[in-house]
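Everything below concerns the one structure shown next.
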Amino acid sequence: MSVVTAASPSCPPGLSIDAATDLQKRLAARVVRTDEFGTVRRVTGVDVAYSTVDDRVTCAAVTLDADTLTVTEIATATGVADFPYIPGLFSFRELPIVLEAFDRLSVRPDLVVCDGQGVAHPRRFGLASHLGVVRDIPTIGCAKTCLTGDFVMPADERGAYAPLIDADEIVGSALRTQPRVKPVFVSTGHRIALATAREWTLRLTPRFRLPETTRAADHAVRVAMKALTG
DNA sequence: GCGACAG
DNA sequence: ATCTTGTCGC
């Protein structure tokens with residue numbers, strides 16, 4: 001019996017840098033940048049934490065009721081990150097554990113928000129896009145910092161945004177979710193238009209800089225990690 | 001060659 | 001990501 005549960009042809013273990021890069025280029029063609037979903041009742045946030053004492057990583061997938069933004073389900077998974085952290089190949093490091101946690105959710109969400117980029121990526125295939133394509137589900141990339149592209153600082157008011165441009169293409173938005181805080185970088189993950197991704201990000205940030213989905217997942221993953229460590 | 005570089 | 005004190009603010 002195999003111990004690898006999240007392995008898939010779209011994110012196989014043991015890939016070389018070149019093979020992973022090549023795979024991204026091919027999978028990027030499957031990304032859908034237009035709205036392809038119905039009523040959103042449940043939104044899931046995913047986040048990963050790294051252990052200090054060993055090489056284990058933990059992921060938490062937390063689902064919120066889209067209307068009340070209250071937590072309805074929490075799923076976690078712990079494993080070992082075998083792929084190194086390489087900007088641009090980030091998903092090959094985190095997606096395996098993300099898939100394990102995500103697949104443990106009893107209810108499939110209508111939308112997923114990732115802590116990282118979607119198509120705002122050198123080859124237009126960040127973590128959010130990779131998860132979206134692999135599970136064929138609508139995803140949004142909401143990162144705390146920019147990976148690639150240029151932008152002007154958006155006005156200092158909630159909702160203000162500026163285009164993130166890379167190679168003459170708009171790949172995302174620098175979105176101010178709260179006044180007086182740095183903007184977040186929103187981009188299409190899969191099956192959602194950029195404007196819709198911004199709208200959902202704002203809807204999920206009634207009070208803080210980051211989406212409630214990301215905050216809930218971050219909190220849950222810290223708790224889970226603390227239980228493993230001490 | 002140099003600088004940049006999600007988490 | 002993670003290592004970290006105190007401090008400011010609701």
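Here is how names work: the chains are called A, B, and so on, in the same order as the sequence lines, proteins then strands, and each is numbered from 1. Side-chain atoms are counted along with the backbone in the values below, which use heavy atoms only and exclude waters and symmetry mates. The shown structure was predicted, so the numbers you read here are calculated from the model rather than taken from an experiment.
- Note that the CD1 atom of A/Ile137 and the CD1 atom of A/Ile192 stand 11.5 Å from one another [nearest 0.5 Å].
- For A/Ile86 and B/dG7, the CD1 to C1' distance is 13 Å, given to the nearest whole Å.
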Could you please spell out the steps behind the side chain to side chain contact (heavy atoms under 4.5 Å, CB included) verdict for A/Leu64 and A/Thr70?
-> CA-CA 5 Å; A/Leu64 310 192; A/Thr70 53; over 6 Å; no
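- Membership of an apolar cluster is not assigned to A/Val221, as no side-chain contact below 4.5 Å to another ILVMFWY residue is traced.
- As rounded to whole Å, 13 Å separates atom C1' of B/dA6 from atom CZ of A/Phe151.
- Within a 6.0 Å radius of CG in A/Leu202, other residues, nucleotides and ligands contribute more than 12 heavy atoms.
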Atom pairs, N/O to N/O, protein against nucleotides 2-4 of chain B, distance under 3.5 Å?
none

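- For A/Pro211, the side chain to side chain contact (heavy atoms under 4.5 Å, CB included) partners two or more places apart in sequence, or in a different chain, are A/Val113, A/Cys142, A/Thr201, A/Leu204, A/Thr205, A/Thr213, A/Thr214.
- Separating the NZ atom of A/Lys144 from the P atom of B/dG7 is a distance of 4 Å, rounded to the nearest angstrom.
- Atom pair A/Tyr50:OH and B/dA6:C1' shows a separation of 10 Å (rounding to whole Å applied).
- Taking NE2 of A/His190 as the reference point, atom OG1 of A/Thr34 lies at 9.5 Å (rounded to 0.5 Å).
- Remark: A/Tyr85 is not in phosphate contact with C/dA1, judged by side-chain N or O atoms under 4.0 Å from OP1 or OP2.
- Counting any heavy atom pair closer than 4.0 Å across all strands shown, A/Gly88 reaches a base atom.
- Residues passing the side chain to side chain contact (heavy atoms under 4.5 Å, CB included) test with A/Ala77, sequence neighbours excluded: A/Ile97, A/Glu100, A/Ala101, A/Arg104.
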Side-chain polar contacts of residues 79-93 of chain A - donor-acceptor pairs under 3.5 angstrom, sequence neighbours left out - could you list them?
{"from": "A/Ser91", "atom 1": "OG", "to": "A/His130", "atom 2": "ND1", "distance (Å)": "2.8"}
{"from": "A/Arg93", "atom 1": "NE", "to": "A/Tyr50", "atom 2": "OH", "distance (Å)": "3.2"}
{"from": "A/Arg93", "atom 1": "NH1", "to": "A/Phe83", "atom 2": "O", "distance (Å)": "2.8"}

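- One finds the CG atom of A/Asp156 at 7.0 Å from the CZ atom of A/Arg180 (value rounded to the nearest 0.5 Å).
- Separating the CG atom of A/Asp166 from the P atom of B/dC5 is a distance of 13 Å, rounded to the nearest angstrom.
- The pair A/Arg222-A/Asp47 fails the salt-bridge criterion, with no side-chain N (NZ, NE, NH1 or NH2) lying under 4.0 Å from an Asp/Glu carboxylate O.
- Ionic pairing of A/Arg33 and A/Glu169 is present here: one or more N-O contacts between side-chain nitrogen and carboxylate oxygen are shorter than 4.0 angstrom.
- A stem is defined here as three or more consecutive Watson-Crick or G-U pairs, each with both distances under 3.5 Å; DNA chain C has none.
- Expressed to the nearest 0.5 Å, how far CD1 of A/Ile165 lies from OG1 of A/Thr148 amounts to 12.0 Å.
- With rounding to the nearest 0.5 angstrom, the CG atom of A/Leu131 is 11.5 Å from the OG atom of A/Ser10.
- Candidate nucleotides B/dA6, C/dT2, B/dG7 were compared by shortest atom distance to the side chain of A/Glu94, and B/dG7 ranks first.
- Listed in residue order, the members of residues 114-129 of chain A having a heavy atom less than 4.0 Å from DNA chain C come to none.
- Under a 4.5 Å side-chain heavy-atom cut-off, the cluster of Ile, Leu, Val, Met, Phe, Trp and Tyr residues that includes A/Val107 has no other member.
- The local environment of CG in A/Asp136 is crowded, with over 12 non-hydrogen atoms from other residues, nucleotides or ligands closer than 6.0 Å.
- One atom, CZ of A/Phe90, and another, P of B/dA6, lie 9 Å apart when rounded to the nearest Å.
- Within residues 167-202 of chain A, no residue is approached by DNA chain B to less than 4.0 Å at the level of any non-hydrogen atom.
- Its side chain within the 4.5 Å cluster rule, A/Leu164 clusters with A/Phe151, A/Met153, A/Val171, A/Phe185 among the Ile, Leu, Val, Met, Phe, Trp and Tyr residues.
- Salt bridge annotation for A/Arg41-A/Asp67: absent, with no cationic side-chain nitrogen under 4.0 angstrom from a carboxylate oxygen.
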DNA chain B in dot-bracket, Watson-Crick or G-U pairs under 3.5 Å, [ ] crossing, | other strand?
-> .......
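- Counting heavy atoms of neighbouring residues, nucleotides and ligands inside a 6.0 Å radius, atom CZ of A/Arg30 does not exceed 12 of them.
- We find the SG-CG distance between A/Cys114 and A/Leu95 to be 8.5 Å, quoted to the nearest 0.5 Å.
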What string of B, S and - do you get for nucleotides 3-10 of chain C, 5' to 3', when a contact is any protein heavy atom under 4.0 Å?
-> S-------
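- The distance from atom CZ of A/Arg222 to atom C1' of C/dA1 is 9 Å, rounded to the nearest whole Å.
- To the nearest angstrom, C1' of B/dG7 lies 14 Å from CZ of A/Phe83.
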